[in-house]
Amino acid sequence: MRTDYCGELRSSDVGREVSVCGWVDRRREHGENLAFIDLRDRSGVVQCVVDERHDLRSEYVVRISGTVRPRPQGTVNANLDTGEIELGECIVEVLSEAEPPPFPMHARSEVDENVRLRYRYVDLRGERLQRNLKLRAKVNSAIRSAMESQRFTEIETPMLVASTPEGARDFVVPSRLHPGSFYALPQSPQIFKQLCMVGGIDRYYQIARCLRDEDLRADRQFEFMQLDAEASFVGQEEVMAFISEAVSAATEAVTGSTPNEPIYMSWLDAMERYGSDKPDVRFGLELIELTEVFSGTEAKVFQVECIKGINHKGGASLGRNAIDELTGKCQQWGAKGLAWFRVGTQGTLEGALTKFMSEAEQVALGDAMGAEPGDLLLLIADQRHKVRDVLGLLRLELGRPPISAGGLNFVWVTDFPLFEAIDARGCPVSAHHPFTMPHLDDVAVLMEAAGAGVAAGAGTGAGAGTGAGAVEASKLLGVRSQAYDLVLNGWELGSGSVRIHRRDIQQAVFRTLGISDTEAEKRFGFLLDAFRYGAPPHAGFAFGIDRLVAILAGEENIREVIAFPKTQSGADPLSNSPTAITNHHLDELGLRVLGGANA
C-alpha cells in the first residue's frame with residue numbers, strides 16, 4: 001500500500017512519485033481550494049498539499065499518493081526531518097474514519113493518566129511513546145548482542161513454577177488438573193538458571209518476564225522485564241564485567257557514546273556516606289560522621305549511639321517555615337527531630353541548640369562539616385541505622401536532580417549483609433534471596449546457627465531449623481554475602497550474587513532462615529538433589545530493563561517506557577482488569593471466593 005514511510009522522505013527524493021500511509025496529525029486550511037495535511041506514521045511526519053474537498057479529520061487513517069517537491073521558499077520547517085519537502089498533486093484514499101480522539105494528541109502532558117491508559121492504543125501513537133518504545137527495542141537488541149558476544153546462550157525458563165521465597169508475594173495460578181494446588185508466576189528464574197549451570201549450559205541469559213505482587217511506584221510494576229544471566233566457573237568480578245559490558249552496549253546504542261567507568265563501593269561505605277544502598281552520586285551532600293565530636297557532650301539530645309550530618313551549602317537563606325517542613329519530613333521518616341545550625345558571616349553557629357553546646361563542640365562541629373558562612377548544617381542523632389536512613393532521604397529531598405540530569409553515573413555496590421533483619425520468630429530475613437553464597441570468612445557463623453537449630457529442633461516442626469536463638473542476632477546480621485548491586489542515578493538497576501553450589505551450605509542457610517529440612521526438601525528438593533550430581537561454582541545477575549530504559553529516555557516513571565502498564569493501584573483501565581471470573585470457572589478450579597465480586 002505504501003512505497004515509503006512518512007518521516008524518511010528527504011530532498012533527495014524530489015521528483016519521485018510516492019505513496020505514504022498513516023494518521024492525519026494536523027490539518028491547516030490554505031485559501032479556498034487547498035489544505036495542508038501533516039500525515040504521521042511511526043517514522044515521523046510529512047506535509048501533504050491536498051484538495052480542500054477532502055474532509056480529513058484528526059486521526060483519520062489515509063493513504064496519500066503524490067510527488068515529492070521542495071517546499072516554497074520561506075516555508076521550510078527546520079524542526080522537522082522532512083521540513084524541506086512536501087507532497088504535491090496528492091491523491092487521497094480514506095482507509096478508516098475516526099471519531100475525535102479522547103484527548104488532544106498535542107497536549108499529552110495535561111491529560112489525566114487514567115484516561116491515557118484507558119485509551120493506550122491512541123496514546124501509543126504519540127511521539128513520546130513511539131520514541132521510548134523504539135529506544136527500548138534498541139536496548140534489548142544491544143543487550144542480546146553483548147551477551148552473545150560473550151558466549152552466553154539464550155534459554156527460556158518456565159512461567160508456571162513452584163512458589164519460592166524471593167522477598168515479595170507471588171502471583172498464584174490455580175491448577176484445574178490438581179484441585180487445591182497452585183502454580184506461582186516467577187518472581188525471577190533464579191532456581192532454573194542455577195539448574196542450567198548444573199546442566200552444563202555454562203553461560204545462560206534471558207530477557208525474562210518476571211512478576212511480583214508488591215506495591216507499585218515510579219520504578220516498579222507487577223510485571224517487569226529483566227536481563228537474567230548466570231555463568232559457571234566465575235566469581236563476582238567476572239559477572240560484574242559481563243553485565244557492565246551489556247549495560248555499556250545498551251547505553252551506547254541509545255546515546256552514541258560509551259558511559260564512564262562505574263564506581264565501586266561497599267554496602268557499608270554506601271550506607272555511611274549516602275544513607276542508601278542505592279547511592280545517587282551525581283551530587284554532594286554526603287553524610288558526615290559526627291559521633292566523636294559529641295563523645296563527651298552534656299547535651300542530652302546528642303547522647304546517642306550515632307550522630308551524622310549534611311552540609312547544605314548556601315542553605316542558611318532557608319526560612320524557618322522551610323526548615324520546619326524539613327523537620328516534619330524527618331519525623332515522618334522516623335527521626336525524633338532535626339538539629340540545625342546556620343553558619344553566620346563570622347563562621348559562628350546560630351541555632352537553638354548552641355546554648356547546650358560548649359564552644360569547643362561548636363568549633364569542632366564546624367570544622368568536621370567544612371562549614372562556611374551561609375551554610376546550613378543539618379544533624380540527626382539516633383541509632384545508627386535510623387540516622388543513615390533519615391539523612392539519606394533528607395539528602396535526596398534537598399539535592400536530587402531530575403533522573404536525566406548530571407549524566408549517567410553507574411555504581412557497583414558490593415559486600416551486602418546476608419541477612420537484613422530478624423523476624424518475629426527470631427529467624428533472620430534474607431537480604432537478597434536464600435541462594436546467595438555467604439562470605440567465606442563468615443561461613444562458620446552460619447554453620448553455628450544452623451547446627452544450633454538442628455540440635456534444638458532436630459530440623460522438624462514449623463519453627464525448627466533456626467539457630468537465631470542460640471547465636472546472637474548481631475553476629476547473624478554481621479554475616480556478609482557475596483552479593484552485588486548495580487545502581488544508576490540513584491535507581492537500583494539490579495542485583496546479583498555468587499550462588500551456593502554446595503548442598504551443606506544451602507541446607508545451613510535454610511535452617512538458619514527457619515526452613516526445616518522437611519520443608520526445604522518439599523519446596524527445594526529438586527535443587528538440593530541437583531547439588532548431589534556435580535554442581536559447578538557459579539554466579540549471576542539480573543537487572544531491570546524497564547528501569548534502564550526509563551533513565552536513558554529521561555523518564556521519571558517506568559510506565560512511560562512500557563506499552564501497556566498498570567496504574568499505581570494495580571489496575572488496567574484499558575482491559576478493566578482485574579475482574580471477577582464466572583462461578584462456572586470457579587467450579588472448574590474447585591475454588592470459592594470469600595468476599596469480593598464473586599461473593
Side-chain angles (χ1 to χ4, degrees), residues 162-168 187-188 190-195 197-198 230 235-236 267-268 385 414-484 495-540:
S163 179
T164 60
E166 289 276 357
Q187 294 189 38
S188 81
Q190 180 62 44
I191 290 180
F192 290 98
K193 65 180 179 180
Q194 290 192 250
L195 293 177
M197 298 303 100
V198 180
E230 200 81 9
Q236 174 175 302
W267 173 86
L268 184 60
H385 72 89
T414 62
D415 297 327
F416 279 78
L418 189 64
F419 306 117
E420 64 181 5
I422 303 295
D423 66 18
R425 302 174 301 157
C427 300
V429 178
S430 291
H432 278 67
H433 53 63
F435 314 107
T436 299
M437 178 71 82
H439 195 287
L440 296 181
D441 292 342
D442 298 334
V443 169
V445 175
L446 184 69
M447 291 301 191
E448 180 186 355
V454 172
T460 61
T466 176
V471 175
E472 292 182 10
S474 60
K475 289 179 66 176
L476 279 173
L477 295 180
V479 174
R480 294 163 295 169
S481 68
Q482 296 185 53
Y484 34 89
S495 300
S497 68
V498 176
R499 319 301 189 188
I500 297 170
H501 69 282
R502 284 172 43 187
R503 183 183 174 96
D504 60 334
I505 296 180
Q506 187 65 77
Q507 286 178 319
V509 170
F510 286 153
R511 290 169 182 169
T512 305
L513 291 171
I515 301 174
S516 70
D517 289 354
T518 302
E519 184 181 359
E521 188 64 35
K522 180 179 179 181
R523 295 171 65 181
F524 309 107
F526 59 97
L527 177 65
L528 294 171
D529 284 347
F531 289 169
R532 295 166 54 193
Y533 295 99
H538 55 283

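Hydrogens, waters and symmetry mates play no part in the numbers below; they use all other heavy atoms, side chains included. Each residue takes its place number in the sequence, starting with 1.
Considering His432, His439, His433 as possible partners of Phe416, the one that fulfils the ring-ring contact (aromatic ring centres under 6.0 Å, His included) test is His432. The side-chain hydrogen bond (donor to acceptor under 3.5 Å, both in side chains) test with Gln194 is passed by exactly one of His501, His538, Glu230: His538.
Atom CD1 in Ile515 sits 5.0 Å away from atom CZ in Phe524 (nearest 0.5 Å). Summarising the geometry, atom CZ belonging to Phe510 is positioned 10.5 Å from atom CG belonging to Asp517; distances are rounded to the nearest 0.5 Å. Here the straight-line distance linking atom OG1 of Thr512 with atom CE of Met447 works out to 9.0 Å at 0.5 Å rounding. The distance from the OG1 atom of Thr436 to the CD atom of Gln506 is 9.0 Å, given to the nearest 0.5 Å. To the nearest 0.5 Å, the span separating CG on Leu528 from CZ on Arg502 amounts to 13.5 Å. The line from OG1 of Thr518 to CD of Glu521 is 8.5 Å long, rounded to the nearest 0.5 Å.
Across Pro417 and Ser481, no two heavy atoms sit closer than the pair O-OG, 3.7 Å. Taking every heavy atom of both residues into account, Arg480 and Asp441 meet most closely at NH2-CB, 3.6 Å. Smallest separation of non-hydrogen atoms from Cys427 and Gly514: SG-CA, 3.7 Å. Residues Leu195 and Phe526 come closest through the heavy atom pair CD1-CD1, 3.8 Å. For the pair Val443 and Pro438, the tightest heavy-atom approach, listed with the atom from each and the gap, is CG2-CG, 3.9 Å.
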Set out, in order, the CA-CA distance, both residues' side-chain angles and the distance that settles side-chain contact (heavy atoms from CB on, under 4.5 Å) for Arg499 and Met197, then state yes or no. CA-CA 11 Å; Arg499 319 301 189 188; Met197 298 303 100; over 6 Å; no
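Contact check for Leu446 versus Phe419: side-chain heavy atoms found under the 4.5 Å cut-off. Between Leu477 and Ile422, the closest side-chain pair of non-hydrogen atoms falls below 4.5 Å. Residues Gln482 and Leu418 have side chains not in contact (no heavy-atom distance under 4.5 Å, counting atoms from C-beta outward).
Looking only at distances, a side-chain donor or acceptor of Arg425 sits under 3.5 Å from a matching main-chain atom of Leu513. Judged by distance alone, with hydrogens and angles left aside, the side-chain atoms of Tyr484 form a donor-acceptor pair with the main-chain N or O of Ser497 at under 3.5 Å.
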